[in-house]
Structures are given as C-alpha cells and as structure tokens.
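Step one of this worksheet: look at the structure below.
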Amino acid sequence: MALTKSDLLEHLADHARDDLSEVTEETELFSTGLIDSFAMIDLLLFLEKHTGAKLGPEDMRVDNLDTIGQILKFVESRRKG
Amino acid sequence: MSGSASASAKPQGVVILGAPRSGTTLLRRLIGAHSRIACPPETYALSAAARFLHEESFAEGLRIGVLLGLSYAGFSEEEVLSRLRGFVFSFFEEHAAREGKPRWAEKTAFNAFHLPAIRKLCGDEVRYVCIQRHGLDVILSLEELVKKTGGYVQELHDYLRRYPEPYEAFAQAWIDCAGAIQALIDGDERALGLRYEELVADPEQALRRILEHIGEPWEEGLVERALGEAKSVGFGDWKTYAKPTIDRASVERWRKLPRATLRRLADRCNPTLARLGYDEVTVAEPESDADARRRYELGLLLNKMRADKERARAAAEEKS
C-alpha cells in the first residue's frame, strides 16, 4: 500500500513534540530539530513496518529522510525496488 | 473574611507556590499587575531564610539547628522566627511601598523545595496561592530548563545524585514538591489550590478566584495589563515574557513522549497525579523485545547519519 502524505503527517503529528501544522513537503524536519531523535526513530520504525523492508546504513541519509517530499520519494523507491 | 486585607492591621503577604515549571511566573505576572499587590521577580529570600532554619537530626529525635542552638542562648523559637520573618518581610514590604502598593506577593520557583521551613517562618501572616501542573509536563519543562541553563540548581542536583536517570530525578522532584503543596492545600484554609491547565484555559476566572481568596477586588482589564507589562526584569521564567497572550500550547505535551519513557514515568507519577485529581497516565501494550531491539539499532544508525551530515557540513565549510 502506498504511503500518502496525509498518512505521514498524521504519524508525525502523533509523535512530534512541536506543532507541525505549518510543515510543507520541503520543510527540513530532522536537521532543523523540528522532530527530535525519539520521533525520528518512531518514524523509521513506522517506515519499516509500512514498506516491510529493513532500513540499512546505506538508506540512512539525510537527503532520503529529512523532508516529507524526500520520505515519500524514498518509500516509493523502496516499494518499486 | 479572615484573609482580607482589612481583617488585620497589616495587610497579609501572598506567597505563590508551585513546583518549578508549573506556571508560577505567569501567576506572578498576573497577580503583580493588580493595583494593590507588588510582586518582584524571584528574590530567593524565603528559600534563603529556609536554609537559615535548616536542621539536622542527630541522636534520638534531637534536631540540631539554629532554633535549638539559639534557644540555649535564651532566644525562644518564636522570637527567632519573628525576627527572621521581620527581616525577610521587610524587603517585600519596602519593595511594595516603592511600587506604591499596600500588599506584597512573593514568588520564587524553588521555594517549593523548602515548604516546611517556609510555612514555619511565615506562620499565620500570609495567604498561599498554590499552582499544580500535570507532572509529566513539568518534567518535560524541567528538561528544557536544564538544557537552556546548562546546569542544575542545588535542589535538582540533590535529586540527580539519588536518581541518575534525569527524567526519574525530575519526576521525583515533582512528586515531592507537588505532594508537599497538596498537603498545604488540603490542610490549611489559607492556601488556595489551582491548576495550571485551568489558568491557561481561562485566566480571568482563575484570577478572580485568587483575588477572592486573598481579599482583593477584581479589576477590569487585569489580564491584558499583566501581559502588556514588561518592566520586571529579574530572575524567573524566560519563556513567559516572550508571550503577549496566554495559550494552551504547553498543555499535555507529555503525550508525545516515547512509550518506554511514558511507562517508566507513569509508574512513578501516577499515584501523585491521582492525588492531585489528574487522570492516571496509561500506556499502550509494552513494546515487543524485537521492536525494542530494532529501536536501539535504528538509534545507532541515526547517530551515524547525524555524524555523516556533520562531517559533510564541515568539509563543505573547509572547501569554501
């Protein structure tokens, strides 16, 4: 099942400490501290469960996982792969 | 009314109490905006006096300290307390007089750690306004305070020596402060209890209750005046002064804590939360061992990702 932007925003809203209502597809989330390490790990677990694939060191790059747009693109590439 | 300003020759002082990070500075701003009450920034005068009264227990029930020590020199406990009270209150009274106001209020967040001695010192001569806040929000806010200040005040450091995990240390500090304050609220009619969550939801209603308790009239526009006031530079919460309005953004932030942390804090804090009238914190089913292990592994990968990014940034800076 494809991961939608609203699925992702709903997950982040449930786990981030700060208000994410103003976040766009380009907003940097982790590198700016908008979501902290705890929320980021929750997000990674969520992505693994959603895609059914384990994340490896090669996947763990800021340019894969820092914005909504990057995350959706990354998940889509994992689905195709 | 026993607490009214007119009931005694000298108007009673007001002592604001709450565990640190419970909204005491916001309360101070609101009360201090009243035309008859002066409330300086944190003075630390009461906690300093409490330290003066500090006692150690030795032998069988013998309490070694200034009160017993001076009693052997011919000064009764009441006389020592009265002199100390006069000394400490004189600063509050003089500050109020300078402000052109007949009454004083005192708020220093860390007073909550010295409640027994402060009660002994103040005797019957003050009214208390006590604020309680959900313990897990207090813990989160204490964590932010420590990050911001880069250190621990003595009162918190004492807890960290006993509880090496900071969240648990902050939790126990809150439990002790909130418990002592609740005992005051439950057992002393001079004490009014209110909740932070009620204060931010309806500041006017909360302030009306406070003024009724301390025997002062409501003043129209008091909340707006309090928030517009920016002259009181001094010790206290830095965040509240950045806000021109009161909002509920700082309520229930604890719900975003990781599940494992919530579970640990819930076990420790639930009895006190229930005593204060809050719902106990319930946490969904425990994480499986496999998920906990994977969470740990992802944490390590995340650290590596952060380090890679830092290296890349440093290299780019060096290049430019």
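Naming convention: chains lettered A, B, ... in sequence-line order (proteins, then strands); numbering from 1 in each chain.
Minimum heavy-atom separation, B/Leu276 to B/Gln182: CG-OE1, 3.7 Å. What you find for B/Arg21 and B/Ser141 is that their closest heavy atoms are NE-OG, 3.0 Å. Nearest heavy atom pair, residue B/Gly135 against residue B/Leu273, reads N-CD2, 3.7 Å. Smallest separation of non-hydrogen atoms from B/Cys269 and B/Ile175: CA-CD1, 4.3 Å.
Ion pair B/Arg161/B/Asp158 flagged as a salt bridge, since at least one NZ, NE, NH1 or NH2 atom sits closer than 4.0 Å to an Asp/Glu carboxylate oxygen.
The most heavy-atom pairs under 4.5 Å with chain B, out of A/Met60, A/Met40, A/Arg61, come from A/Met60.
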**Message:** Please evaluate residues B/Leu257 and A/Phe38 with respect to the criterion side-chain contact (heavy atoms from CB on, under 4.5 Å), reporting the C-alpha separation (whole Å), side-chain torsions for both, the decisive distance (0.1 Å), and the verdict.
**Reply:** CA-CA 8 Å; B/Leu257 279 167; A/Phe38 292 123; 6.0 Å; no
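Using a 4.5 Å heavy-atom cut-off against chain A, the contacting residues of residues 288-301 of chain B are B/Asp291, B/Arg294, B/Arg295, B/Glu297, B/Leu298, B/Gly299, B/Leu301.
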